Amino acid sequence: RADPRAGVAASRIVYVADSKKQAMDEMRDAVTYEVSVQAKRGFLAVLKRLYGIDVPNGPTAIDALAEAGFYLLGPPDAVADGIMRFHATVGGFGQFLAVTGK
């Protein structure tokens, strides 16, 4: 195949703030809600089965997701480092799509 990565997608949640604590505090309620929805869909079981991580269905879900590297949070330099680590870990990627919000 000319571009074997063309059909593969991966995502990370990125939130830039003055500190990692600030980012986590600001996102905690929204992540708690989203995780409660995903728990009903069985997604937390998938994370456990595929990645071996336990994401609690509650306010500490963001802590587990950040620790596992699914959420890249904090000051700009730390977030940029996280994106570069992700890039290196997956062997690079051809496109980087940034979806922005509030």
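Treat the numbers as computed from the prediction; the structure is a model and nothing was measured.
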J.: P56: which residues meet the side-chain contact (heavy atoms from CB on, under 4.5 Å) condition with it, sequence neighbours left out?
T.: T60, A64
J.: Going by the rule salt bridge (charged side-chain N to carboxylate O under 4.0 Å, His left out), which residues pair with D25 if we only count those two or more places apart in sequence or in a different chain?
T.: K21
J.: R28: what forms a salt bridge (charged side-chain N to carboxylate O under 4.0 Å, His left out) with it, not counting sequence neighbours?
T.: D63
J.: Under 4.5 Å between any side-chain heavy atoms of V31 and I13, yes or no?
T.: no
J.: Find out if a path of hydrophobic residues (ILVMFWY) with successive side-chain heavy-atom gaps under 4.5 Å connects L50 to L47.
T.: yes
J.: When rounded to the nearest 0.5 angstrom, what distance separates CE in M84 from OG1 in T89?
T.: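 It comes to 11.5 Å.
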J.: So, using side-chain contact (heavy atoms from CB on, under 4.5 Å) as the criterion, who are the partners of A39 when residues are at least two apart?
T.: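 A39 satisfies side-chain contact (heavy atoms from CB on, under 4.5 Å) with L44, N57 only.
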J.: Checking Y51 now: which residues fulfil ring-ring contact (aromatic ring centres under 6.0 Å, His included) with it, not counting sequence neighbours?
T.: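 Only F70 meet the ring-ring contact (aromatic ring centres under 6.0 Å, His included) criterion with Y51.
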J.: Provide the full list of salt bridge (Lys or Arg N to Asp or Glu O under 4.0 Å) pairs with a residue in residues 72-85, sequence neighbours left out, each pair given once.
T.: none
J.: What about F43 and Y33, same hydrophobic cluster or not, with Ile/Leu/Val/Met/Phe/Trp/Tyr joined at side-chain heavy-atom distances under 4.5 Å?
T.: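 Hydrophobic grouping puts F43 apart from Y33.
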J.: Which pair of non-hydrogen atoms, one from A61 and one from V55, has the smallest distance, and what is that distance?
T.: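 What the structure gives for the nearest pair is CB-CG1, 3.8 Å.
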J.: Pairs in or reaching into residues 52-62: which pass salt bridge (Lys or Arg N to Asp or Glu O under 4.0 Å), with residues at least two apart or in two chains?
T.: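 Qualifying pairs: K48-D54.
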J.: Report the residues that fulfil side-chain contact (heavy atoms from CB on, under 4.5 Å) with E26, sequence neighbours left out, ordered by chain and then residue number.
T.: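 Counting only residues at least two positions away or on another chain, E26 forms a side-chain contact (heavy atoms from CB on, under 4.5 Å) with Y15, Q22.
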J.: Name all residues meeting the side-chain hydrogen bond (donor to acceptor under 3.5 Å, both in side chains) criterion together with R49; count only those two or more places apart in sequence or in a different chain, and write none if there are none.
T.: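 So R49 forms no side-chain hydrogen bond (donor to acceptor under 3.5 Å, both in side chains) with any residue.
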J.: Roughly how far, to the nearest 0.5 Å, is the CZ atom of R41 from the CD atom of Q38?
T.: 4.5 Å
J.: Search all heavy atoms of T32 against all heavy atoms of P59 and return the closest pair with its distance.
T.: OG1-CA, 3.3 Å
J.: Measuring from R12:CZ to L65:CG, what's the distance to the nearest 0.5 Å?
T.: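 It comes to 10.5 Å.
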J.: Write down the atom of P76, the atom of A17, and the distance for their closest heavy-atom approach.
T.: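 Where P76 meets A17 most closely, the heavy atoms are CD-O, 4.1 Å.
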